[in-house]
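Owing to the predicted nature of the structure, the values given are computational and were not obtained by experimental measurement. Only this structure's heavy atoms are used, side chains among them; waters, hydrogens and symmetry mates stay out. Convention: sequence-line order gives letters A, B, ...; per-chain numbering from 1.
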Number of protein chains: 2
Amino acid sequence: MSTLKDIQAPVKQEMNEFELKFRQSMKSKVMLLDKIMDYIIKRKGKQMRPLFVFLTAAITGKINEATHRGAALIELLHTASLVHDDVVDNAHYRRGFFSINALWKNKIAVLVGDFLLSKGLLLSLKNDDFELLRIVSNAVQQMSEGELLQMEKARKLDITEELYYEVIRQKTASLITSCCQVGASSGGGTDEDISKMGTFGTKVGMAFQIKDDLFDYENAAIGKPTGIDIRERKMTLPVIYALKHSTSSEVSTIKKMITDSEKKAANVKKVIEFVKEKGGIDYATKRMNDFLSEALAILKTYPDSVYRNSLEQLLAFTIARKT
Amino acid sequence: MSTLKDIQAPVKQEMNEFELKFRQSMKSKVMLLDKIMDYIIKRKGKQMRPLFVFLTAAITGKINEATHRGAALIELLHTASLVHDDVVDNAHYRRGFFSINALWKNKIAVLVGDFLLSKGLLLSLKNDDFELLRIVSNAVQQMSEGELLQMEKARKLDITEELYYEVIRQKTASLITSCCQVGASSGGGTDEDISKMGTFGTKVGMAFQIKDDLFDYENAAIGKPTGIDIRERKMTLPVIYALKHSTSSEVSTIKKMITDSEKKAANVKKVIEFVKEKGGIDYATKRMNDFLSEALAILKTYPDSVYRNSLEQLLAFTIARKT
């Protein structure tokens, strides 16, 4: 299988240029802020979002200045949302660094998030990138609404499969959707390209989140700490499917296990076993592969190219990841 | 002196219409979010921001649909920043209601803030209100940068008067600046009107914040709990002026008092006395009045009207307020 480096190769130069410009765009005259920005840049991840932006721009048109600004806008908003998430999750550790939140406290995290957001907005407004802004604002709304929907519903034990898809579409997929729309829009794609790339991004995002939810169950097989979602009463596709295909007496036994905080550890193991037996893991894996096939089918409507090939490899890479 | 009701009278109908539309714009399909929005609307304040928008639109042009959308955009962003502030301040009580933060926790507060922000953005983008969006994004950047600048500098005991103005201009005045620019821009004012109204708003905002900082010292005279800024080592204009006009031995005595956490209560009283004696309160009051006069002088360049009269009264009202 291709490595991330292979996948990035066709847009390597653009990615490097992008990183340089992104650093510049984060500059501030407030020293405290500049220090935090340096820190954020150091802990940057795999840069998957700009990669989606550049590759989709390349297969639907041509990478240009607007593509760079679009990628920067998304990265600024994504970084803002990571910083805000540090507050949201009360996470004190992210990607091996201490989170902004732990180091500088909640108040600064919120302000830095707002600052990044406004930087992104001003960058787009200055260049009349209104369509890109529309795409990305839409994603911000969907992500926050999705997270809130999840809080409202996902801990209810009788969440339906449909609602689960709705939550992950809004919460996770909407960002990748916007990356691919921004790519197509900035690269000069037609309205049809933008719409097709949006659907492509959504399918990829859905597959990505189902994979993420499957980790909880798969890790059990290789002896890793597991069952965190179950422990937190977060109902994901494997258990949703399993409960749907159980007798009402099985359902009430499992629900009791999930809610019984006394015997948590032992129960989590039993619930995972039950989900496996009922075919919940096979079903979720199948649904993930369906979303992937649908995404690949959309790619196939474009002519073969190094960019299309990279996108195909990127899907395989995304799903094969072990962490 | 005029009451707020008198002041609002010329734009009463517009304000009512605005409130109705604002409620509608906050709707969401997520129940939890809808509940929080209802709650936010119930605890709404004096609606000073839309008032500035409508009145400045009226004196530079004519209130229209864009003015309404501009007021809604600012109110959405202001509400978002209040919700985020609940996290920032860790405030559990605001305007007599429990804060969103206390009731629904930090995570929801951040998400709701983001949701409101994106609602505002999408509203503007849908209507091609790019100039309004530019004005308001600028304000968001300034506000977050100003708060961070304050955190970095305001607790240092040797903050200068110039830096104090820079902090309050960014942190507080920028929002009122944007209200007045949005009013002038949406109402059809010329570039000169927009620029003049921006300066007007900044002057008002500066006066407003100096008044706010004076409260700490004035309350002492009427026996109210006082000295909260001093207690928190927040250096505002009265004490900055007093230290600037002291001998170096006085400066070191006062600085010791401010930093000595052991004898806080007794020291706070002494610091307040010292600031008064050195003329810090008189000086801050004078600077506040200077900003007000400059703001009024800008208004006088417009012909007399019920709207101009309301704005003049609004300044007096803002400064006379006791809380």
Side-chain angles (χ1 to χ4, degrees), chain A residues 28-36 77 80-81 83-90 101 104-126 128 130-131 133-153 166 170, chain B residues 28-36 77 80-81 83-90 101 104-126 128 130-131 133-153 166 170:
Chain A
S28 157
K29 62 188 170 182
V30 178
M31 260 176 50
L32 173 63
L33 205 43
D34 235 24
K35 233 169 77 184
I36 296 173
L77 293 204
S81 90
V83 173
H84 279 174
D85 272 0
D86 282 349
V87 178
V88 170
D89 290 344
N90 238 327
N101 184 28
W104 283 286
K105 308 237 177 78
N106 272 345
K107 40 179 16 174
I108 299 188
V110 170
L111 292 170
V112 170
D114 290 355
F115 176 79
L116 291 170
L117 218 64
S118 57
K119 273 266 176 190
L121 290 180
L122 289 168
L123 175 74
S124 301
L125 290 168
K126 202 172 71 187
D128 293 353
F130 306 128
E131 186 53 30
L133 204 49
R134 204 169 276 130
I135 292 168
V136 174
S137 302
N138 208 13
V140 174
Q141 173 164 16
Q142 298 226 3
M143 281 187 285
S144 54
E145 212 168 28
E147 289 261 15
L148 287 161
L149 186 64
Q150 183 176 39
M151 283 183 192
E152 182 178 307
K153 305 282 189 185
E166 176 66 11
Q170 286 206 292
Chain B
S28 156
K29 63 190 168 180
V30 178
M31 259 175 52
L32 174 63
L33 206 43
D34 235 23
K35 233 169 76 183
I36 296 173
L77 293 205
S81 90
V83 173
H84 279 174
D85 272 359
D86 283 350
V87 178
V88 170
D89 292 342
N90 238 329
N101 184 29
W104 282 288
K105 307 236 179 77
N106 272 343
K107 42 178 16 175
I108 298 188
V110 170
L111 293 170
V112 169
D114 291 354
F115 177 79
L116 290 171
L117 218 63
S118 58
K119 272 267 175 186
L121 290 179
L122 290 168
L123 176 73
S124 301
L125 290 168
K126 205 173 70 186
D128 294 352
F130 305 128
E131 186 52 28
L133 203 49
R134 206 169 274 130
I135 292 168
V136 173
S137 302
N138 210 12
V140 173
Q141 173 164 13
Q142 299 228 4
M143 282 187 285
S144 54
E145 214 170 22
E147 291 260 16
L148 288 161
L149 186 64
Q150 183 175 41
M151 284 183 192
E152 183 178 306
K153 304 282 188 186
E166 177 66 12
Q170 285 204 292

Answer yes or no: is there a donor N or O on one side and an acceptor on the other, between the side chain of A/R134 and the main chain of B/L125, under 3.5 Å?
yes
Using 0.5 Å steps for rounding, measure from the CG atom of B/L117 to the CD atom of A/Q141.
11.0 Å
From CD (A/Q142) to CZ (B/F115), nearest 0.5 Å:
10.5 Å
Residues B/S118 and A/S137: closest non-hydrogen pair is CB-O, 3.7 Å
Under the criterion side-chain contact (heavy atoms from CB on, under 4.5 Å), I'd like the reasoning laid out for B/L148 against A/V112: C-alpha separation, chi angles, the key distance, then a yes or no.
CA-CA 8 Å; B/L148 288 161; A/V112 170; 4.2 Å; yes
Quick one: of A/L116, A/V140, A/D128, A/V136, who has the most non-hydrogen atom pairs under 4.5 Å with chain B?
A/V140
Find out whether B/L121 and A/L133 are in side-chain contact, i.e. whether some heavy atom of one side chain is under 4.5 Å from a heavy atom of the other.
no
So do the side chains of A/L122 and B/N138 get within less than 4.5 Å of each other, counting heavy atoms only?
yes
Could you walk me through whether B/L111 and A/M151 pass side-chain contact (heavy atoms from CB on, under 4.5 Å), step by step?
CA-CA 11 Å; B/L111 293 170; A/M151 283 183 192; 3.4 Å; yes
Name the region of A/M31, side chain, backbone, both or neither, that has any atom closer than 4.5 Å to a heavy atom of chain B.
both
